[in-house]
Number of protein chains: 2
Amino acid sequence: MYINLHPIPLPHMRIEDEIKQPTFRDEYQKAVINLTYTSGWLQLRQATAFKSFGLTLPQFNILRILRGQHPRPATVALLIDRMLDKTSNASRIVDRLEEKKLVTRTVCPGNRRAVDIRITPAGLDLLKSIEDSGLMEKNGTQHLTPEEARQLNALLDKIRTDDDEGGATPDLPSCE
Amino acid sequence: MYINLHPIPLPHMRIEDEIKQPTFRDEYQKAVINLTYTSGWLQLRQATAFKSFGLTLPQFNILRILRGQHPRPATVALLIDRMLDKTSNASRIVDRLEEKKLVTRTVCPGNRRAVDIRITPAGLDLLKSIEDSGLMEKNGTQHLTPEEARQLNALLDKIRTDDDEGGATPDLPSCE
DNA sequence: TGCAAATTTATGTACATACATTTAATGTCG
DNA sequence: CGACATTAAATGTATGTACATAAATTTGCA
C-alpha cells in the first residue's frame, strides 16, 4: 500500500483541482475518486512519518496489533484477521520485523503448526517513540469537527452496506 | 494498491465489526481507519471487476486517461500528472498495456526524448465492454442519497485542507 | 492403527509501488 | 562549438499485495 504525490506534500483542496479533471459525471463518481484519492493522500502522510522510523505502514500496523496482544503471543492467522489489508502476506511482513529485532518468532508449543509471534521491548519502545513524536495526529482529520467526523464515519459505513451474499465471519484464532 | 478481503466479499456494516476492534479512541481515529478500510474495500470491488477483463486497476486508469486524450497522444509525464496514484511507475504499466496491444508507443517526432502513447481501437473496445457491463456502478455509493454523496465529498475535501507549505503545481506536459 | 482431510504457515510468481539511479536527447551559455 | 545542466523516460532494488501452491503438523474417522 504505497502512495505517492511528488517530492513534497502539496497544498490541497478541491478534488477537481488535484486531478486535472474539471467536471465529474455526478457526485457519486466524484465520491469514488475522492475517496480513493483522499485515502492515498492520508496514507502518504502516514508512510512518510513512519519512514523516518524505518517502518513501512504495514509493518507499523502489524506491530500495533502485536502490542495489543502483548504479553500474549499472536499467530499469523490472528494478524491476518486483525489487519486492515487482509490476505496480504503477513508472513513476509513479520520476516522484515524479525530482521529488525522488533518481533520474535517461536514455534508454538502444543501446536507445532502454529508460530508464536511476540513484540520485543525494542518494538514497544519504537511504537512509543512514534506515538510520542505526535506525527500521527497530523492526519488531516483535525480539520473536522467531532460532529463532522461522526458524519463521515456514518457515510463510509453506509457505502459498505451489504447488498447481498452471506459469508460467515470466521472465528478468531489463538494459540494455546 | 492491492486490497484484500478473503475468498468472497463479505457482508458489511460497522467498522467496529469489520476489524475486531470494539472501540476507538475517538471519532477521529475511527475516521482514519474507516477511510483506509472503505477505500480498500471499494478498490477490491473494482479490481475484482476488472480482473475478469484482464486488467488491473492501474492499467484501467491509464487506459481511461488515454481515451480522454484520444486521438491526441499522451506522454508518460502527462499520465503521471493525471494519475490518482502518482509517482507510480507509469512506464511499466504502459509496458503491460503495450504487450496486450491496448496502447501503442512511438517516439515523439520533434522531441525524441518523449514518447507518444495512444490507445488502440482494441483498447477503446475493451473500455466500452467494461462500462457496458455495468460493473462499475456497483461500487457502494449507490447506497448514498445525492445529498449524502455531496456531503461526503465536502468532508473529504476538508480533510485534505492545506495547513501549510507552498508547492507550485507544475504545468501540464504535452508533446509537440 | 493408518491414512485422508483439514489446519497453519511458508513459498513462488506476477504485478504494483516508492525511491534512487541511469540513459538519452535537448537546451544553455561560455 | 563544447561543457554542463535540464528534461523525459526507463531501469534497478526493496517492499507490498493477490493468488496459487507447497510443506509440515494435527485431526478425524474408518
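All values derive from a computational prediction rather than experimental measurement.
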Expressed in angstrom and rounded to an integer, what is the separation of [X] atom [atom1] from [N] atom [atom2]?
| X | N | atom1 | atom2 | value |
| --- | --- | --- | --- | --- |
| A:I62 | C:dT9 | CD1 | P | 12 Å |
| B:I117 | D:dA8 | CD1 | C1' | 11 Å |
| A:R112 | D:dT27 | CZ | C1' | 15 Å |
| B:D81 | D:dT7 | CG | C1' | 15 Å |
| B:L57 | D:dG16 | CG | P | 21 Å |
| A:I80 | D:dG16 | CD1 | C1' | 14 Å |
| A:I93 | C:dT11 | CD1 | P | 15 Å |
| B:L44 | D:dT17 | CG | C1' | 12 Å |

Go through D:dG12, C:dT9, C:dA25 for me and flag the one nearest to the B:N89 side chain. D:dG12
Looking at B:T75, I'd like to know whether one of its side-chain N or O atoms comes within less than 4.0 Å of OP1 or OP2 on D:dA8. no
Thinking salt bridges, do B:E131 and B:R67 make one under a 4.0 Å N-O criterion? yes
Would you confirm whether [X], through its side chain, and [Y], through its main-chain N or O, come within 3.5 Å as a donor-acceptor pair?
| X | Y | result |
| --- | --- | --- |
| A:K100 | A:G54 | yes |
| B:S52 | B:A49 | yes |
| A:N139 | A:M136 | yes |
| A:N89 | A:R92 | no |

Listed by chain and number, what are the side-chain contact (heavy atoms from CB on, under 4.5 Å) partners of B:Q151, not counting sequence neighbours? A:Q151, A:L155, B:E147
Nearest nucleotide by nearest heavy atom, which residue falls closer to the 5' end of DNA chain D, B:S91 or A:Q59? B:S91
By nearest heavy atom, map B:T48 and B:R105 onto DNA chain D; which one lands nearer the 5' end? B:R105
Using the salt bridge (Lys or Arg N to Asp or Glu O under 4.0 Å) criterion, which residues pair with B:E98? Sequence neighbours excluded. B:R105
Between A:K51 and B:R96, who's closer to the 5' end of DNA chain C by nearest nucleotide? B:R96
Across the strands shown, which category fits A:R92 at heavy-atom distances under 4.0 angstrom: base, sugar-phosphate, nothing? base
Polar atom pairs (N or O), protein with nucleotides 2-7 of chain C, under 3.5 Å:
| residue | atom | partner | partner atom | Å |
| --- | --- | --- | --- | --- |
| C:dT7 | O4' | A:R113 | NH1 | 3.3 |
| C:dT7 | O2 | A:R113 | NH1 | 3.3 |

